[in-house]
Student: 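Right, I'll just put the structure down here and ask away after.
First the proteins, then the strands, lettered A, B, ... as listed; each starts at 1.
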Number of protein chains: 2
Amino acid sequence: MFIEIQTNSSVPIYLQLAQQLIEGIARGELKPGDSLPSVRAFAADLGMNMHTVNKAYHYLEEKEFIQIVAKSGVIIQPNGIPKATAEEKQLLAERIRPLVAEGLVLKLSEEEMVDMVRELVQHIKEGTS
Amino acid sequence: MFIEIQTNSSVPIYLQLAQQLIEGIARGELKPGDSLPSVRAFAADLGMNMHTVNKAYHYLEEKEFIQIVAKSGVIIQPNGIPKATAEEKQLLAERIRPLVAEGLVLKLSEEEMVDMVRELVQHIKEGTS
DNA sequence: GTTTTTGCTCTATAAAATATATAACAAATG
DNA sequence: CATTTGTTATATATTTTATAGAGCAAAAAC
């Protein structure tokens with residue numbers, strides 16, 4: 001997993017890390033049962049603090065994307081990540097909503113935003129920017 | 001404009017306010033040249049601080065969605081809001097990207113996410129939840 | 001079986017973001 | 001002229017973010 005952190009971003013670095021791990025899972029580069037680096041090793045690798053990596057891991061654990069096994073290590077959800085429940089879908093929609101609204105204010109058409117999503121899906125699956 | 005602020009949300013209340021004003025613009029309820037309440041009146045109305053409303057206004061001004069006329073008042077961009085530049089579109093896509101990635105991890109198909117966006121567009125235009 | 005590694009916990013510190021409160025200024029508005 | 005306006009300044013408090021270092025106890029590696 002290649003992780004790129006932008007220190008001047010308004011997105012906290014623990015979140016950037018979590019989001020890029022999520023992309024790794026979405027892309028299939030991180031598969032169920034795969035182990036992630038220890039908080040210390042990852043932190044040293046990325047030039048950040050142990051606690052910051054730990055925070056990213058717990059963020060992902062809350063979403064049940066990974067399992068943290070105390071005093072052992074961290075692995076991608078071994079039984080696979082179940083399909084979104086109606087509630088999870090609803091929560092995701094609520095987070096996308098303000099961005100779609102902003103798109104509308106910027107006079108983007110429904111089709112343009114749909115295309116944007118389609119392109120994002122491809123870019124994420126390909127691992128391209 | 002009916003504004004509903006959730007005090008227990010992880011989204012800061014100044015941002016919630018700004019986002020709901022954006023929806024008002026997207027919906028056409030707030031038209032170019034329309035004036036917004038004064039920071040004091042709005043704050044009193046919403047039960048929040050003057051500076052918090054001010055922060056929401058400046059957030060919207062930075063996006064050029066509104067104009068703040070010092071010592072006079074605040075109006076929706078009078079000449080209309082121009083269509084998104086390529087750069088603005090790119091920035092919007094970057095903000096949507098982590099949400100699409102999360103959708104993919106939750107095994108939502110491209111079509112399901114496209115449908116989600118289509119529904120959001122309709123809900124925003126109708127002013128429904 | 002000892003050493004190393006592991007996530008966890010605790011304490012501490014610092015900066016930034018969020019939110020409120022109060023006051024005063026100077027220009028625009030009524 | 002009095003009121004309203006956004007602006008600015010000071011002050012305070014809480015939460016979030018990020019780092020630092022130390023120690024614990026169990027798992028893993030040797």
Student: Residues in side chain to side chain donor-acceptor pair (under 3.5 Å) with K125(B), at least two apart?
Tutor: none
Student: Report the residues that fulfil salt bridge (charged side-chain N to carboxylate O under 4.0 Å, His left out) with E110(B), sequence neighbours left out, ordered by chain and then residue number.
Tutor: R118(A)
Student: Could you work out, with salt bridge (charged side-chain N to carboxylate O under 4.0 Å, His left out) as the rule, every residue matching E102(B), not counting sequence neighbours?
Tutor: K63(A), R95(A)
Student: Scan for salt bridge (charged side-chain N to carboxylate O under 4.0 Å, His left out) pairs involving residues 68-84 of chain B, sequence neighbours excluded, and state none if there are none.
Tutor: E112(A)-K83(B)
Student: For DNA chain D, find the residues of residues 6-19 of chain A with a heavy-atom distance under 4.0 Å and give them by number; none if there aren't any.
Tutor: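 The answer is P12(A), I13(A), Y14(A).
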Student: Aromatic rings Y57(B) and F42(B): how do their planes relate, parallel, tilted or perpendicular, breaks at 30° and 60°?
Tutor: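 The arrangement is tilted - the two ring planes meet at 30° to 60°.
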Student: If the condition is side chain to side chain donor-acceptor pair (under 3.5 Å), which residues does E64(B) pass it with, not counting sequence neighbours?
Tutor: none
Student: Just to verify, what does K107(B) make a salt bridge (charged side-chain N to carboxylate O under 4.0 Å, His left out) with, not counting sequence neighbours?
Tutor: none
Student: At under 4.0 Å between heavy atoms, which parts of nucleotides 5-13 of chain D does protein reach? Answer with one letter per nucleotide, 5' to 3': B base, S sugar-phosphate only, - none.
Tutor: BBBBB----
Student: For Q77(B), which residues count as a side chain to side chain donor-acceptor pair (under 3.5 Å) partner, sequence neighbours excluded?
Tutor: Q67(B)
Student: Using salt bridge (charged side-chain N to carboxylate O under 4.0 Å, His left out) as the criterion, list what pairs up with K55(A), not counting sequence neighbours.
Tutor: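 Per chain and number, K55(A) pairs via salt bridge (charged side-chain N to carboxylate O under 4.0 Å, His left out) with no residue.
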Student: Could you tell me the boundaries of the chain A footprint on DNA chain C, defined by atoms under 4.0 Å from its heavy atoms?
Tutor: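 Here the contact window of chain A covers dT6(C) to dC10(C).
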Student: So, using side chain to side chain donor-acceptor pair (under 3.5 Å) as the criterion, who are the partners of Q90(A) when residues are at least two apart?
Tutor: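 Q90(A) satisfies side chain to side chain donor-acceptor pair (under 3.5 Å) with E94(A) once adjacent residues are dropped.
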